Protein chains: 4
Amino acid sequence: MPKLGAEPIRRAALVKATIETVGEAGSLEVTVAQIARRAGMSSALAHHYFGSKEQIFLAAMRSILTLYGAEVRGALATAQDPESRLRAIVAASFAAGSFRRETISAWLNFYVLAQTNAEAHRLLRVYQRRLRSNLRHDLRVLVGPRAEAVARGLGAMIDGVYIRAALADGAPDRRYALDIVTEYLDRELEGTP
Amino acid sequence: MPKLGAEPIRRAALVKATIETVGEAGSLEVTVAQIARRAGMSSALAHHYFGSKEQIFLAAMRSILTLYGAEVRGALATAQDPESRLRAIVAASFAAGSFRRETISAWLNFYVLAQTNAEAHRLLRVYQRRLRSNLRHDLRVLVGPRAEAVARGLGAMIDGVYIRAALADGAPDRRYALDIVTEYLDRELEGTP
Amino acid sequence: MPKLGAEPIRRAALVKATIETVGEAGSLEVTVAQIARRAGMSSALAHHYFGSKEQIFLAAMRSILTLYGAEVRGALATAQDPESRLRAIVAASFAAGSFRRETISAWLNFYVLAQTNAEAHRLLRVYQRRLRSNLRHDLRVLVGPRAEAVARGLGAMIDGVYIRAALADGAPDRRYALDIVTEYLDRELEGTP
Amino acid sequence: MPKLGAEPIRRAALVKATIETVGEAGSLEVTVAQIARRAGMSSALAHHYFGSKEQIFLAAMRSILTLYGAEVRGALATAQDPESRLRAIVAASFAAGSFRRETISAWLNFYVLAQTNAEAHRLLRVYQRRLRSNLRHDLRVLVGPRAEAVARGLGAMIDGVYIRAALADGAPDRRYALDIVTEYLDRELEGTP
DNA sequence: AATGAATGAGGATTCATTCAT
DNA sequence: GATGAATGAATCCTCATTCAT
């Protein structure tokens, strides 16, 4: 039952299944067969569309980062002043779309993948650079020369909260995660116009 | 010529080799044979001593946490007042013994292992709890009711800085890492007696 | 826009592509997809026309042998006396149309196929029998009772030169190949009326 | 039941099994598992000892050529004059040890392998060069300036007879094979001192 | 204590072939 | 006629683990 235009559908299904499978397993040591099964197709077809397991992983990673990027852009769209922009960026990091069990676990695993895989490394760097640049932009207005330092700190803390969420039992607690970072930000913005 | 007391020596060699191998590979997907070779013995002997690959990993993880614990204890020994104790704890996290390429990478990988393995999970929780407890203890004196929040924040940031160091090119920059966390701490301690 | 009479064109294209692909790869381990791509169509269509990979190979083999047969017939057409007929047959074996890189390599590979495949085996036997019969026919007039032996020798030597050409670097040297066989023939015909 | 010094025994068994399996199948498309089974071990062990299927094939090829070389050396040992040396070399090519069903088929297949594999190519060239050099050496004394041409012719004819034996039904006919080449040689040596 | 020998189980990848459109 | 879609069946290779010595 081959439908025309199946490719993008299949690719999307595989990407989704990859994030779920890696997220559930908490490890990259999942088989292509597992991923394909969850996506409702044979592993041969997965290879047909992506060429290799590595490419499947990279596509999943790109998808996560793209989703996150969209989340940030969406949040920034409505924010008007620097401070609300800043808070929007931080909030976006823990938005319901991204801050989910499997996504977090997948995220952690892609961090590991980046040790080995050049493209994964590059993607993660782009994410970090973009995040830092966004933060710095608005921080300059608010904290002046401390902008660079605070941007670095925020970035690190967001990643730290993420990684720790991967260890937590039960569903990830967005409120809790957001609070930690927000308190830091509040403190830095204290006494700011 | 079997040496007396060979066992502890062999075990230590394997633990060291494991951290190096995982650190270099940037992944848990290393073979027991690789680890054993680096430790100068057959993979059969590695199994003889540890029973399984999993146990080898856990022993390596315990070793890292033990080393870190010793580092903290050593730092606390000379510190007298709460603030210097706090700073000592933070500094210990980025001490030369722990904040090394392979250790950082191994650390990240053990985070991943903790998703899957109950004992690894437990070990990491113990580390987090102990760190938080240490920080909170001294923070109470300094920031009162904010102690809990700052302790969480510091813990998260330390992990965040660690994870990001795993992505950096070249040798990890202790100064840079320490600065990020210290600035956060400074800010929180501002206006503190 | 299906063209009328597409079938023979498609089949010919596939046969040509098969010889080229096998010749270039130097092996029968080429995929139907590779052959089909070179022939400018989908592998599904290749199956549609030939039914199986095996049939594609056999068609290619028939094509080679048919071409060779035509080459011999053409050569014999102008030759008048037994000796020039003999020389024409030999020369045809190394004619520009047959003695080409891919054809030689394909030839060698079809020899291998004949170990496994009954039809390939049959085709090769027909070729050998026909060649021997042609040679013997003219040799009888020239060398009498030695005809049988010389025909066998010539046949073997032609195949040997072919197989060796498959190993040579660069383009196959027709002159060189022909010389070897011709010297043998000259010697046998020495002192012949 | 691991015996010490099993390696050379296992390797030899695999080489033997490879020649037999390829010989019987008449194709290189045999699986490592088939070869290993025939050699009485797991395919994993075959890989352990040889690293790859390719290396197994090359070892088998080396074995065939080594055996052939020994056969030639043995034949030359007793021969005194150039002519008997020459005849000994030719006879060695069809000696009982080398001119056997599977060996012949394996030989043909290795010819094919040499199209693709550099080391196989090299091995075959060494064989050809050595054979030609041996033949030329003795032919010089007997046929003078024709030595080069006759050496080439003999080499080609030996290969041709081999390849044709691969197509024959039933056990290879050493007598018949030897006769063809011998008649050629006789003719060339006619009228020689 | 120490290791070479050995393997079962598994996993990525390939490919001929089929089928609905 | 033509093809994209889809897969079952293989196959090479790896590796943790066991065991006899």
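Because the structure is a prediction, the values reported are computed rather than measured. In what follows, chains carry the letters A, B, and so on, assigned in the order in which the sequence lines appear, proteins first and then strands, with residues in each chain numbered from 1. Excluded from the calculations below are hydrogen atoms, water molecules and symmetry mates; all remaining heavy atoms, backbone and side chain alike, are included.
- No donor-acceptor pair under 3.5 Å is formed between the side chain of H121(B) and the backbone N or O of T116(B).
- The list of side chain to side chain donor-acceptor pair (under 3.5 Å) pairs with a residue in residues 34-45 of chain A, not counting sequence neighbours, reads E20(A)-R38(A), T21(A)-R38(A), E24(A)-R38(A).
- No engagement by F50(C) is indicated, since no non-hydrogen atom pair under 4.0 Å with the nucleic acid exists.
- Annotation: side chain of L124(B) is not in contact with side chain of L113(B) (no heavy-atom distance under 4.5 Å).
- Of the residues listed (K53(A), E119(A), R122(A)), the one engaging L58(A) in a side chain to side chain contact (heavy atoms under 4.5 Å, CB included) is E119(A), and it is the only one.
- L65(C) is linked by a side chain to side chain contact (heavy atoms under 4.5 Å, CB included) to W107(C), L123(C), Y127(C), counting only residues two or more places apart in sequence or in another chain.
- Under the salt bridge (charged side-chain N to carboxylate O under 4.0 Å, His left out) criterion, R11(D) pairs with E7(D), sequence neighbours left out.
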(message) Walk along nucleotides 7-13 of chain F from 5' to 3' and tag each nucleotide B, S or - by protein heavy-atom contact under 4.0 Å, base first, then sugar-phosphate.
(response) BB--SSB
(request) Kindly express the pairing pattern of DNA chain E in dot-bracket notation, using | wherever a base pairs with another strand and counting only Watson-Crick or G-U pairs under 3.5 Å. (result) .||||||||||||||||||||
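- Atom CD1 of I9(A) is separated from atom C1' of dG4(F) by 13 Å (rounded to the nearest Å).
- Here the straight-line distance linking atom CD1 of I19(A) with atom CG of N109(A) works out to 12.0 Å at 0.5 Å rounding.
- DNA chain E is contacted by no residue of residues 110-118 of chain A, taking any non-hydrogen atom closer than 4.0 Å.
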